[in-house]
Amino acid sequence: MKSKIKSAALLLLIAASTGVQAENIAVIVNPAYEGGLDRQQIEQIYLGKSQQLTPYDLPDTSPVKEMFYQRLTGRNLAQVKSVWSRLVFSGRARLPDELINSKAVKRTVASDEGAIGYVAGSAVDETVKVILTLSD
Amino acid sequence: MTSVYISAFPADRLRRLVMLGLLCGLGAGAVNNQAAAVDWRFNGYGTVAGTTTDEDNAEYRLELTQFEGATSDVDWGLRSKLGAQLTAEFSSEWSLTGQALAKRRGDQDMDPDLEWFYAAYRPASWFDFRVGRLVLPIFMLSDSRPVGFSQPFVEPPGHVYIDGSLEQFDGAQLINRFTVGEGSLSIQTSVGSADVELLAASGVPPVEAEVSDIANLNIIYEWRNWLFRAGIQQADVEPTMFTPFFPPIEDEFSGIGVQYDNGKLLVMAEQVKRDTEPTVSQSTSRYILVGWRFGRWLPSVTVAESEQELPMPFSDGESTAVTLRYDVSNTMAVKAQWEEVAPDTGRWLNADPAFLTGGDRNVYTLSLDFLF
């Protein structure tokens, strides 16, 4: 029994120390949004190739952002910015607005049927609808 | 940019352009029902690059608008650039965008000019209409050509892209986008005119020309990690003053391009044909790039060639480039590039006659690309 508690405690410690690393990232839309979007389509939106929904970003300093793009597109932030820069400077797309934190992302998505965003899984509440979960 | 020197466009035409743009912008603001303030967006890009070659008797350059090139002395102006873009969004439909770009023009380094300056009307995601100063999508990377950070090589291969030095124009562009199957199709049409100053090749003086009746069609299909494009363009090019070696011509480009990028493997390839009527120039050029990403590193190899069916204005040329790109940060990349370039009269200026008989020359470039 003691060893089981020990291993459980050890696991919890590891989980806590890696923090967001172990956590899911939820891609969220407005609860009233009825259109089905698959992973491909969400990737297209976040690489500037589709304007189906208006994407919102977290700031570069957020660890969720780098992880979101790595898990969704298989690319790091430098590559993602490289893809976007080709579109921004030829007028084909505008960069997603950067919102300050997940609270702001939820607020924006909850009030705009055409918006899409991403937050740490633990930040999800009933004001938004999850259409995709990205896990490690 | 506090002062913008417009080298290629007459002052009164620029004034008209600015008036047009401002009027469109103000008009859009006036009819805008929402009382919301204008949303401003600012983005910039730049490259600091030094290029050197092992050839002292010719200068290596990449665009017909460059009258000076690199030799065995390090040339810091050939590939260095600074671009700044400001967009005013009056509503979800109307916006005004200006992008100024400083680079080598003629023999002036970091010479600024307006690369883009247009009013845009986008009532729906499938309808994007712009009027003003724009860039012609002659090749796959034409409209993002100066943005080094978006490319695996220091610059798109000169053997293909040198012919596209007539990329800026005044006119209108319409982009229609459609979802086709799992991918998206974009049909872009451009019409307008331009004034240019070109140095076609070694041994002839620079020529000022009017480019009129430009008609360009650019079709892009993107599906998953693939991009396919096909483009065609026709324009009338006439020197403003008679020159015997450059008669008025009908200039036609047609090209296809493909790109595959899955985040690890990168392949880009293009083939472009150029024909002029009367036939003073006929060429086919192509390149292929293959690269592979290892974390923040991207090594790549680019093989390019240009076949001139006619001896004017250039001779055949080819090059092989090896580039190593390292993403220092999310907005900064360093590149080291070695190119082996065959001597030809288009890319190499002020060459003495013996130059062409020599073997391949080496060109070395170290560059820093950044976004801000």
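Quick note on labels: first sequence line is chain A, next is B, and so on, each numbered from 1.
Between B:W40 and B:F42, the distance separating the two ring centers is not shorter than 6.0 angstrom. For B:F228 and B:W226, the ring centers sit closer than 6.0 Å to each other.
Within the 4.5 Å cutoff, the side chain of A:N30 has no heavy atoms near those of the A:K129 side chain.
Chosen from A:E43, A:E66, A:Q79, A:Q40, the residue pairing most often with chain B at heavy-atom distances under 4.5 Å is A:Q79. Among the candidates B:T179, B:D261, B:D128, B:N225, the residue making the largest number of heavy-atom pairs closer than 4.5 Å to chain A is B:D261. When the candidates B:E182, B:R293, B:E222 are compared by the number of heavy-atom contacts under 4.5 Å with chain A, B:R293 comes out ahead. Chain A forms the most heavy-atom pairs under 4.5 Å with one residue out of B:N262, B:T87, B:L298, and that residue is B:N262. In terms of heavy-atom pairs under 4.5 Å with chain A, the best-connected choice from B:M332, B:R122, B:Q259, B:E115 is B:Q259. For the set A:K49, A:R94, A:Q52, the count of heavy-atom pairs under 4.5 angstrom toward chain B peaks at A:R94.
With a 4.5 Å cut-off on non-hydrogen atoms, B:T97 does not touch chain A at all. At a 4.5 Å heavy-atom cutoff, the contact between B:L141 and chain A is made by side-chain atoms alone. The part of B:V147 that comes within reach of chain A is its side chain, from C-beta onward, which places non-hydrogen atoms under 4.5 angstrom from that chain. In this structure, the portion of B:D327 lying under 4.5 Å from any heavy atom of chain A is its side chain and not its backbone. Of the two parts of A:R86, the backbone and the side chain both hold a non-hydrogen atom closer than 4.5 Å to a non-hydrogen atom of chain B. Neither the backbone nor the side chain of A:Q41 has a heavy atom closer than 4.5 Å to any heavy atom of chain B. There is no contact between B:Q173 and chain A, counting heavy-atom distances below 4.5 Å. For B:L227, the part lying under 4.5 angstrom from a heavy atom of chain A is the side chain only. Residue A:L47 does not touch chain B at all, counting heavy-atom pairs closer than 4.5 Å. Proximity to chain A (any heavy atom under 4.5 Å) is restricted, for B:R177, to the side chain, taken from C-beta onward.
Between the B:K335 side chain and the B:Q151 main chain, a donor and an acceptor come within less than 3.5 Å of each other. At distances below 3.5 Å, not a single donor-acceptor pair connects side-chain atoms of B:E270 with backbone N or O atoms of B:F139.
One side chain, B:Q99 or B:Y45, offers a donor N or O that lies under 3.5 Å from an acceptor on the other.
Note that B:R130 lies in the cation-pi zone of B:Y118, set by a 6.0 Å cut-off to the ring centre and a 45° limit from the axis. Seen from the ring of B:F149, B:R325 counts as a face-on cation partner, given the 6.0 Å and 45° thresholds.
Ring pair B:Y121/B:W94 is tilted by interplanar angle, where 30° to 60° counts as tilted.
A ring-ring contact (aromatic ring centres under 6.0 Å, His included) with A:Y46 is found for exactly one of A:F68, A:Y56, A:W84, namely A:F68.
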